[in-house]
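Numbering of residues begins at 1 and proceeds along the displayed sequence. No hydrogens, no waters, no symmetry mates; every other heavy atom, side chains included, goes into these values. Bear in mind the structure is a predicted one, so any value in this text is a computation, not a measurement. Indexing begins at 1, ligand by ligand and atom by atom, following the structure's order.
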Amino acid sequence: MSKPKVLIIYTGGTIGMIRDEKKGTLKPFRLERVVKSIPSILELGVEIHSIELDEIIDSSNVTPSVWIELAEIIRDYYNDFDGFVILHGSDTMAYSASALSFLLENLGKPVIFTGSQLPIGLPRTDARENLITALTIAGMRNRHGQSFIPEVCIYFEDQLYRGNRTYKHNSENFDAFVSRNYPILGEAGVRIRIFEERLLTQSNKNLVVHTSLNTNVAVVKLFPGLILGSFPKLFKHSGIEVVILETYGSGNGPTNGDFLPAVKEMIDNGILVLNITQCREGRVEMGKYETSEKLLSLGVINGADLTFESAITKAMFILALTNDLKERRHLLTTDLRGEMTL
Ligand code: ASP
């Protein structure tokens, strides 16, 4: 059997950074340098090709147009490769992985985001292991010689996660990511174990690559003392179509003050209000307390256990997909890519 083929798509991030001698800051560098730093990459038994974005960036500079560019690259090379590894800064990696999961419908091959906390050239770097294992996983095939991880994932510090369930929780440690509401998809120790029963099921439909996103999305994070009164007018005149409401606990908000009238006004203005919780583990259960029952009766949408990163990118995706308000509501509460537990 021929070697599996994996395409590395390099976007930037710490993994390939070098120190700017004058300023002392880290800045992105080119891909050849990254790959040259790991000669053992050539012994992996995987045929590796690579491509890089025109502009190599720190992931704080990621925009939705970068997500579309990545989706288009995967579309263009989809039939030529068994899997894809996207080298990306960790800061916004969870947003990018979530966005890609929505843009790539019926994905049948692994798309694995990885990066590192220390640049690849440093002696204690985590980049080598992350890259080598991500490449190995991206090239894995089942006994019929086919790719069997049909998901956008993040691989970081020995763990393989469903991308749209993760968030960056640590800026210091090598285990920068966690997935609180869905178990890991795989683990790399002496052997690499993939928990197949946790993977999405392979679709027998062809890949559909979506290439538009609509960024008319805003976020309101509750805190005691928040004055929401002027927000509806502000949103109305800015074209905002989805407001993500980050509520307390299991989806609760105040029943006093201007909060509920302001939410009602937003909904009356045609804005979709999506309720997600500030807790990183657990879910919204509207109706459990009086403080969320009111939101339910106003027509606030239940975001269940969506991560913040998934809520943002899912909203952008759905707004671009359809103009129909009912359909938008329906899709927001539908599990599209394993991003929410219903
Ligand atoms: N600032 C970097 C970035 O996200 C951090 C990293 O790569 O981990 O691009």
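Geometrically, Arg198 does not engage Tyr182 in a cation-pi contact defined by less than 6.0 Å to the ring centre and at most 45° from the axis. Relative to the ring axis of Phe84, Lys109 does not place its NZ or CZ within 45° and under 6.0 Å from the centre.
With a 4.5 Å cut-off on side-chain heavy atoms, Trp67 and Thr313 count as touching.
Of all atoms in ligand 1, numbered sequentially from 1 with element shown, those under 4.0 Å from a heavy atom of Thr14 are 2 (C), 5 (C), 6 (C), 7 (O), 8 (O). Against a heavy-atom cut-off of under 4.0 Å, Gly13 is close to the following atoms of ligand 1: 7 (O), 9 (O).
In this structure, Asp268 pairs ionically with Lys264, as a charged nitrogen and a carboxylate oxygen lie closer than 4.0 Å.
With Ser59, Gly12, Ala127, Ser60 as candidates, the residue nearest to atom 9 (O) of ligand 1 on a non-hydrogen basis is Ser59.
In terms of protein heavy atoms, atom 8 (O) of ligand 1 is closest to Ser90 OG, 2.4 Å.
Polar contact check, Ser116 against ligand 1: a nitrogen or oxygen pair lies under 3.5 Å apart. Ligand 1 has a nitrogen or oxygen under 3.5 angstrom from a nitrogen or oxygen of Asp58.
Applying the side-chain contact (heavy atoms from CB on, under 4.5 Å) test between Val85 and each of Ile137, Thr136, Val6, Asn130 identifies Val6 as the sole match.
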